[in-house]
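Note sheet for the following structure.
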Amino acid sequence: MSQTADTDLLLRAWRGVCYAVRIDRRAVSLQRLGKLGTYAECGGQEIVPAAVGAAMAPDDVLLPAYRESAALALRGVPVLSILAYWGGDLRGLDWPGSIDWPWCVPIGTNLAHAVGVAWTLAREGRGRVAVACTGDGGVNRGEFHEGLNFAAIHRLPLVYVVNDNGWAISTPRERHSARSVASRAEGEGARSFVLDASDPCRVVRGVVSALDAARREGPVVVVVRTRRTTPHTTTDDPRRYRDPDDLRRDREWNIPERMRAQLLEHGIAAEVLDRIDAEVAKEVAEAAEAWLAMPPMDPEEAFGPLIDVVEDTEAPA
Amino acid sequence: MSGVRELRMVEAVREALRDAMREDERVLLLGQDVGRNGGVFRATEGLLDEFGPQRVVDVPISEASMAGWGVGMAASGLRPVVEYQFSGFMYPALDQVVDHAARLRWRSRGRLRVPLVLRAPCGAGVHAPENHSEAPEAYWAHVPGFAVLVPCTPQSAYDALRWAISSDDPALVLEPKRLYRADPEPVERRPPGAEPPGPVVLHEGDDATVVTWGASVVECGEAARVLAREGIRVHLLALVTLRPRRLRPVLESVRRTGRLVIVHEACRTGGFGAEVAATVAELAAEWLAAPVRRVTGRDAPVPLPRHEWAQIPSAERIASAVRTLVREWPE
């Protein structure tokens, strides 16, 4: 990759990290005010959705789980839509022009969809990749193993991005997985890339390499080792199950600061980084205002559309 | 490709798949043993040779995920038909169907569509091992956004599959395996309409309405003939499309006959017969001269093959139910 392309990539990822921080902060404060439902922050893990959103080509297909606000925002989903969905309004899933899949709440189920998408993309032959996100907990779902096995047999252009923050809500890694994510991925026939979030720029470049490998060869699992500095979601209280010293140590982990330091070392001016952050902050603030001002929709609209052919009898009035 | 040929049900299934695949290169088949083996019931025999391994795909034993792979293929522009080798092995797919196949259109506000078809042989009566004789339609018919069809004749099997494959929404076709090699009948190989197949009328009469689906058409037909000799003439309707409900013909029939017997092989409680009975009670109660009766399998697993016929509603049980209604609630 050329110097310019590399810088552009890193700045896109920086924008993604700004999205992660700004959207998370705003979403949590709205939630505390009763204006948003349960929300999953990505503190300590910001680089994962940021790198995914920055590294993917516009015509690659993203199948998120529920922690990837930053990736979707980078790929053009309006922040208002993100807030509206987590605020409980189905209009938050109006994503005209997007080719990505909506949020996927049942853990790991998107991993199967991505296999089907990758099959179609392989058939198409234009070098597009399907990228699905999960966490270290989701690796224990059957879809991870069954999907990689099938994708490896058929050499499908598939990437699973595993945000390995060491927790499945309250179950730590040593209680939920007997082997590392990478070894299990390789056991199913996929390649693995293991990256550490403490080196955010390396994560971004690593995701690019993983996507390239998937385009050429077959399924790849990208494992990003992160630490959770925020709860699983706004309904979770880690003090119930985490060691206080451990929690304190993790809070010192600051991905945005590390990335900023790396980018400055890389020769990017602080003003450039601040300008991007200011743009994102403004965008998020405006989206929050728009969400608060959004009138409710007709409840009937909340139920459809489902299918074309309807029942030939209706319930009595 | 069009025209009429005598086909058994399993052949009608195969020709429906073949015709759909010829007409639309986006249609592909996935399942265990569907390719080189041609399917354990030979439902897909010859299709690998004609269409190649990219369109007839032998997949690993991954029943949970393969429905999800189908969702992914469907929502990205293909038209997958996923075969489950037996309906009893479909339960792992319930997650992907309920959470995703049936909801993705709604969740994406219409942006993503799921033209996915699942198909599986269902029902008892072929001396199969345990778990190979399930009649699971009720689980699937409870899912909003998901069509469920159970053909009972070669023509209805052809029509059900063609319609399901042409639909832009997901559907399940449960094929009664006991009827796969039953007597052939003329099958017109015709393109599907917008409407899913309506009920098949198998006997005419005004004394009672008998509603059924799947392989029970055999025993219902026998019961109808026995009753006719006693002077009781039933209107025998076999539903092909369970969901979306196609019950208007049942309501019209009940208005004429005043008596309803519902017959299904699946176990009684929560069976789809309850949905038919409730719909008739809600919308045609004033025409009912007698209580609604259901003749069903017992609330128990299908017995092992030596006694499986005890689970299948017999012609005598069906005839007896009709006879009771006619005698105890005469008009």
Side-chain angles (χ1 to χ4, degrees), chain A residues 61 63 85 90-106 108-124 128 130 132 141-147 149-151 153-154 156 158 301-316, chain B residues 26 28 30 54 57 59-78 80 92 95-96 99-100 102-112 116 144-147 163 167-171 194-196 198 241 243-251 279 282-283:
Chain A
V61 180
L63 296 94
Y85 175 77
L90 197 61
R91 288 172 295 182
L93 289 166
D94 279 327
W95 298 355
S98 172
I99 58 171
D100 294 335
W101 283 50
W103 306 96
C104 181
V105 170
T109 52
N110 57 328
L111 303 178
H113 310 151
V115 172
V117 174
W119 177 281
T120 308
L121 298 181
R123 222 182 92 129
E124 187 192 58
R128 297 163 67 194
R141 285 280 303 206
E143 282 95 335
F144 179 87
H145 301 273
E146 294 182 333
N149 176 57
F150 185 67
I153 291 164
H154 293 278
L156 300 181
L158 174 70
E301 221 192 309
F303 287 100
L306 260 182
I307 46 172
D308 281 338
V309 181
V310 297
E311 316 289 344
D312 74 347
T313 52
E314 279 173 17
Chain B
R26 298 172 301 173
L28 71 157
L30 302 107
Q54 280 288 298
V57 187
V59 301
I61 303 172
S62 301
E63 282 98 344
S65 290
M66 68 187 197
W69 303 339
V71 171
M73 290 176 188
S76 56
L78 299 181
D95 181 6
Q96 285 289 347
D99 282 336
H100 300 297
R103 287 189 201 185
L104 193 57
R105 178 182 177 180
W106 164 84
R107 186 182 297 133
S108 72
R109 305 274 285 162
R111 184 169 59 92
L112 296 174
L116 168 69
F146 191 57
W163 180 84
S167 168
D168 287 336
D169 296 314
E195 278 291 301
T241 304
R243 193 87 191 256
R245 280 191 305 273
R246 282 293 171 276
L247 296 179
R248 214 150 265 297
V250 174
L251 300 179
T279 302
E282 285 172 339
L283 299 174

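Only this structure's heavy atoms are used, side chains among them; waters, hydrogens and symmetry mates stay out. Remember, it's a predicted structure, so these values are computed and weren't measured experimentally. Chain naming here is simple, since letters A, B, ... match the order of the sequence lines and numbering starts at 1 in each.
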Given a strict heavy-atom distance threshold of 4.5 Å, which part of [X] is in contact with chain B: side chain, backbone, both, or neither?
X         : answer
Ala132(A) : neither
Asn149(A) : side chain
Ile99(A)  : backbone
His145(A) : neither
Tyr85(A)  : neither
Val117(A) : both
Glu124(A) : neither

Salt-bridge contact Glu311(A)-Arg246(B) (side-chain N to carboxylate O under 4.0 Å)
no

Counting heavy-atom pairs under 4.5 angstrom with chain B, the leader among Pro106(A), Ala112(A), Cys104(A), Ser98(A) is Ala112(A)

Would Trp69(B) and Trp119(A) count as a side-chain contact (heavy atoms from CB on, under 4.5 Å) if you check the C-alpha gap in whole Å, the side-chain angles of each, and the deciding distance to 0.1 Å?
CA-CA 9 Å; Trp69(B) 303 339; Trp119(A) 177 281; over 6 Å; no

Does Arg103(B) reach the main-chain N or O of Leu306(A) with its side chain, forming a donor-acceptor pair under 3.5 Å?
no

Residues passing the side chain to side chain contact (heavy atoms under 4.5 Å, CB included) test with Asp95(B), sequence neighbours excluded, are Thr109(A), Arg141(A), Glu143(A), Asp99(B)

To the closest 0.5 Å, what do you measure between [atom1] ([X]) and [atom2] ([Y])?
X         : Y         : atom1 : atom2 : result
Asp308(A) : Glu195(B) : CG    : CD    : 11.0 Å
Trp103(A) : Arg107(B) : CH2   : CZ    : 12.5 Å
Asp312(A) : Leu247(B) : CG    : CG    : 6.0 Å
Thr120(A) : Arg26(B)  : OG1   : CZ    : 11.5 Å
Glu146(A) : Ile61(B)  : CD    : CD1   : 10.0 Å
Leu93(A)  : Ser108(B) : CG    : OG    : 8.0 Å

Is there a side-chain contact (heavy atoms from CB on, under 4.5 Å) between Trp95(A) and Arg109(B) once you walk through the steps?
CA-CA 9 Å; Trp95(A) 298 355; Arg109(B) 305 274 285 162; over 6 Å; no

Tell me whether the rings of His100(B) and His113(A) are parallel (<30°), tilted (30 to 60°) or perpendicular (>60°).
perpendicular

Side-chain contact test, heavy atoms from C-beta onward, threshold under 4.5 Å: evaluate it for Leu112(B) versus Pro102(A) and give yes or no.
yes

Glu314(A) atom CD, over 12 foreign heavy atoms within 6.0 Å
no

Under the ring pair (Phe, Tyr, Trp, His ring centres under 6.0 Å) rule, collect the residues that match up with Trp163(B), sequence neighbours excluded.
none

